[in-house]
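Because the structure is a prediction, the values reported are computed rather than measured.
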Amino acid sequence: MASPQTSVAKTQTAPAAAMPHGEALLNDPLLNKGTAFTARERKQYGLEGLLPAAIEGLDRQVERVMTHLDAKDSDLERYIYLIALSDQNETLFYRTVMSDPARFIPILYDPTVADACLAFGHIYRRSRGMYITRHMKGRMAQVLRNWPVKDVRAICVSTGGRILGLGDIGANGMGIPIGKLQLYTACAAVPPDTTLPVLLDIGTTNASLRADPLYLGLREPPPSEQELYELADEFVAAVQEVFPGCLIHFEDWKGVDAVRMLKRYRDKVLCFNDDIQGTASIVLAGLTTALQILGTKVTDQRILFLGAGSAAIGIGGLLVSALQSKGLSLADARARVTMFDINGLVEPSRTDLTEDQKVYAHQAAPSKDLVATIENVKPTILIGVSTKGGAFNQHVVEAMSRLNERPIIFALSNPTFKAECTAEQAYTWSKGKALFAAGVQFPSLTLNGTTFHPGQANNFYIYPAIGLANHVARPKLIDDQCFIVAAQATADQVDTALRAKGKLYPSQSNILETEVTTATRIAEYMFDKGLAQVERPRDIRAWIESQLYTPRYD
């Protein structure tokens with residue numbers, strides 16, 4: 001596949017007569033080239049005297065950006081600089097981050113975005129995306145029409161109700177839709193002008209934020225469940241009206257709300273919930289690779305979750321679907337999945353379970369001892385989605401290692417301090433036996449002469465590919481099978497050499513190639529199942545490559 005520097009691109013342009021001039025052009029991030037404006041352009045658009053004499057190419061500008069970034073003291077400062085760059089010159093921003101995705105993904109997204117969200121009101125420079133408040137009820141479609149782009153193909157919307165492991169941070173959560181959609185482009189070359197980040201500001205339970213003079217959201221507690229449904233219904237309907245065929249990517253809604261909203265809309269409109277379906281898909285991808293390394297079948301596994309919220313329900317549901325596809329009945333598949341949360345083992349005597357949790361409430365004695373539960377259930381796979389940092393202590397890891405020659409341990413909570421254990425702890429306490437992945441990227445480490453390469457089970461391997469497949473195929477709906485296809489496609493790209501090193505996911509350094517391959521498989525499935533609403537091309541991959549965004553100047 002052609003590199004981002006040479007492939008065919010959709011480029012931001014405007015007719016000469018409509019082009020802004022002078023400072024207005026330099027302040028337009030979609031059209032600004034900075035020092036790359038030619039002598040002819042400087043004269044034509046009233047830029048003479050407004051720029052230094054040097055005329056530079058895009059690569060030279062990237063070189064300067066890298067120098068600036070190297071001088072910053074922290075990744076949060078680098079994040080702030082990059083966001084400011086995207087506000088000034090979007091082409092240069094994407095050329096920079098797409099030049100070295102392995103370096104910039106952790107800066108633009110997890111783990112740095114957690115710090116950025118906590119400080120969002122304090123580091124705010126310029127509005128990005130749209131803020132729809134509960135007080136716009138009754139006129140959301142009118143407000144959405146204020147967005148200047150009409151061909152919006154993907155919206156990422158959050159209430160800020162459950163951001164990473166940080167809880168309810170209200171309008172500060174806008175950093176997540178912004179970051180998610182930036183990775184649509186940085187990882188999968190989805191044209192950025194077709195995406196729209198949205199913060200549905202319903203208020204926040206976070207009293208300290210409401211008391212912060214620099215907080216940018218509504219200083220109100222969230223509405224009742226009924227009002228939230230009414231607000232969400234109107235928002236979803238407004239999107240259908242203003243941006244027909246637009247994908248709605250639900251992100252970081254409060255756990256119960258996330259599950260309910262997905263159920264409410266998934267069969268009615270084009271949508272998905274990344275916390276539920278994307279997380280499930282990336283876990284299934286990592287488990288597929290781990291089982292290939294071990295040479296065992298998914299139907300032979302027993303899975304124990306620490307955490308029984310929306311992420312666990314989503315992952316469990318997709319694993320059950322995968323087990324059914326291998327011949328197990330629904331009951332037998334669910335019997336392979338056990339959950340344990342803050343109130344202990346999920347079992348039938350508990351009165352606090354939701355309907356989604358009850359299907360995993362298998363007959364067993366009540367227990368609040370995770371190690372004892374491990375010894376009784378004998379899981380082959382332990383998955384942490386608890387947001388409880390350090391929950392996989394030495395006793396837990398050693399119990400898994402006693403029961404399994406090579407235990408599979410996924411500590412998925414993020415940011416870093418929320419991880420159930422670190423890579424070093426997992427490898428040390430298991431004496432190098434564990435196959436380990438986390439939601440954040442831990443560094444490789446050497447133990448007793450062996451180097452271990454922890455995987456990062458992060459959704460950025462999945463949702464940008466879903467976004468790219470959506471962008472080109474314009475499907476009616478996104479179903480669970482799309483995420484199973486995405487998981488298998490991701491796992492298939494971990495070659496023998498990577499598996500020999502214990503790696504569970506493809507290299508981040510070639511993420512565009514990975515995402516295009518995955519998107520191709522998803523699009524093929526969409527065409528096969530009649531979900532796609534465009535004519536099927538002869539060569540799906542070449543067709544997708546012809547529509548990739550490339551950051552370059554005309």
Exercise for review: Would you please classify the geometry between the Y427 ring and the F452 ring as parallel, tilted or perpendicular, with 30° and 60° separating the classes?
Suggested key: parallel
**Study point:** Any M174 side-chain heavy atom under 4.5 Å of F120 side chain
**Key:** yes
Point to revise | Reference residue Y463; test side-chain contact (heavy atoms from CB on, under 4.5 Å); the match among T279, L183, L468 | key: L183
Exercise for review: Would you check if there is a donor-acceptor pair between the side chains of S158 and E251 at a distance under 3.5 Å?
Suggested key: no
Point to revise | Taking every non-hydrogen atom, the tightest pair across A423 and F442 | key: CB-CB, 3.6 Å
**Study point:** Pairs involving residues 495-524, ordered by first then second residue, that meet ring pair (Phe, Tyr, Trp, His ring centres under 6.0 Å) (sequence neighbours left out)
**Key:** Y461-Y505
Check your understanding: Can you say whether the rings of Y265 and F250 are parallel (under 30°), tilted (30 to 60°) or perpendicular (over 60°)?
Key -> parallel
Practice item. Please determine if R350 and D341 form a salt bridge, counting it only when a charged side-chain N lies under 4.0 Å from a carboxylate O. Key: yes
Revision key, fill the gap. Nearest heavy-atom contact between N172 and L209 is ND2-CD2, 3.6 Å
Point to revise | Spatial distance of atom CG (D100) from atom CE (M98) [nearest 0.5 Å] | key: 12.5 Å
Check your understanding: Backbone N or O of L304 within a donor-acceptor pair of the T338 side chain at under 3.5 Å?
Key -> no
Practice item. Answer whether the closest heavy-atom distance between the side chains of R336 and Q301 falls below 4.5 Å. Key: no
**Study point:** I282 side, atom CD1; N459 side, atom CG - distance, nearest 0.5 Å
**Key:** 7.0 Å
Review point. Quick one: OG1 on T185 to CG on L108, what's the gap to the nearest 0.5 Å?
Key: 11.0 Å
Point to revise | Passing candidate, side-chain contact (heavy atoms from CB on, under 4.5 Å) with P506, options T289, D492, D495, V494 | key: V494
Revision key, fill the gap. Only one of L291, L284, T288, I303 passes side-chain contact (heavy atoms from CB on, under 4.5 Å) with V298, and that residue is L291
Check your understanding: Hey, are R264 and E230 close enough for a salt bridge, meaning a charged N less than 4.0 Å from a carboxylate O?
Key -> no
Exercise for review: Compare all side-chain heavy atoms of C187 with those of I105 and state whether any distance is below 4.5 angstrom.
Suggested key: yes
Check your understanding: Are a donor atom and an acceptor atom from the side chains of N206 and S208 found within less than 3.5 Å of each other?
Key -> yes
Check your understanding: Is there a donor-acceptor pair closer than 3.5 Å between any side-chain N or O of D115 and the backbone N or O of L118?
Key -> no
Study note, to complete from the structure: Heavy atoms of L512 and A189 approach each other most closely as CD1-CB, 3.8 Å
Point to revise | Carboxylate-amine/guanidinium contact R260 D356, below 4.0 Å | key: no
Check your understanding: Judged by modelled atom types alone, do S329 and D332 share a side-chain donor-acceptor pair under 3.5 Å?
Key -> yes
Check your understanding: Any luck finding a side-chain donor-acceptor pair between S386 and E420 under 3.5 Å?
Key -> yes
Check your understanding: How close do P348 and H362 get, heavy atom to heavy atom, and via which atoms?
Key -> CD-O, 3.2 Å
Check your understanding: Between the side chain of K378 and the main-chain N/O of E375, is any donor-acceptor distance below 3.5 Å?
Key -> yes
Review point. Taking atom types as modelled, is there a side-chain donor on E347 or S349 under 3.5 Å from an acceptor on the other?
Key: yes
Revision key, fill the gap. Here the pair of heavy atoms bringing F436 nearest to A426 is CD1-CB, 3.5 Å
Review point. At what distance, to the nearest 0.5 angstrom, does CG of L504 lie from OG1 of T490?
Key: 12.5 Å
Review point. Judged by atom type as modelled, is there a donor-acceptor pair below 3.5 Å linking the side chain of T518 to the main-chain atoms of E515?
Key: no
Review point. When rounded to the nearest 0.5 angstrom, what is the spacing between CG in L270 and SG in C246?
Key: 7.5 Å
Check your understanding: Less than 4.5 Å apart, any side-chain heavy atom of I313 and any of M339?
Key -> yes
Exercise for review: Check whether any side-chain N or O of T159 sits under 3.5 Å from a backbone N or O of L200 as a donor-acceptor pair, and report yes or no.
Suggested key: no
Practice item. Determine the minimum heavy-atom distance between A391 and V396, stating which atoms define it. Key: O-CG2, 3.9 Å
Exercise for review: Please check if any side-chain donor atom of H471 sits under 3.5 Å from a side-chain acceptor atom of Y184, or the reverse.
Suggested key: no
Check your understanding: Got L166 and P415 here, is their nearest side-chain heavy-atom distance under 4.5 Å?
Key -> yes
Exercise for review: Please answer whether the main-chain N or O of I484 pairs with a side-chain N or O of Q488 as donor and acceptor at a distance below 3.5 Å.
Suggested key: no
Check your understanding: Would you call Q277 and L318 a side-chain contact if the rule is heavy atoms closer than 4.5 Å?
Key -> no
Study note, to complete from the structure: When rounded to the nearest 0.5 Å, the distance separating NZ of K503 from CD1 of I293 is 11.5 Å
**Study point:** Lys/Arg N to Asp/Glu carboxylate O, D257 vs R162, below 4.0 Å
**Key:** no
Review point. For atom CG of D539, is the number of surrounding heavy atoms from other residues, nucleotides or ligands below 6.0 Å larger than 12?
Key: yes
**Study point:** Side-chain heavy-atom pair V259, I276 within 4.5 angstrom cut-off
**Key:** yes
Review point. After noting the C-alpha distance and the side-chain angles of F483 and F272, does the key distance pass the ring pair (Phe, Tyr, Trp, His ring centres under 6.0 Å) rule?
Key: CA-CA 10 Å; F483 291 92; F272 75 97; 5.6 Å; yes
Exercise for review: Flag yes if more than 12 heavy atoms outside K433 fall under 6.0 Å of its NZ atom; otherwise flag no.
Suggested key: yes
Practice item. Using distance alone, with no hydrogens and no angle criterion, decide if R541 and T517 have a side-chain donor and acceptor under 3.5 Å apart. Key: yes
Review point. Would a distance-only check, ignoring hydrogens and angles, find a side-chain to backbone donor-acceptor pair under 3.5 Å from W543 to R536?
Key: no
Practice item. Check whether any side-chain heavy atom of M261 lies under 4.5 Å from a side-chain heavy atom of L228, and answer yes or no. Key: yes
Practice item. Taking atom CD1 of I342 as the centre, report whether more than 12 heavy atoms of other residues, nucleotides or ligands fall under 6.0 Å from it. Key: no
**Study point:** P379 backbone acceptor or donor facing N404 side chain under 3.5 Å
**Key:** yes
Exercise for review: Taking Q456 for its side chain and G439 for its backbone only, find out whether a donor-acceptor pair lies under 3.5 Å.
Suggested key: yes
Review point. Would you say the side-chain atoms of Q441 pair up with the backbone N or O of P454, donor to acceptor, closer than 3.5 Å?
Key: yes
Point to revise | Polar contact flag, side-chain donor to acceptor under 3.5 angstrom, D168-T204 | key: yes
Review point. Could E524 and R521 be called an ion pair, given the rule that one side-chain N must be under 4.0 Å from one carboxylate O?
Key: no
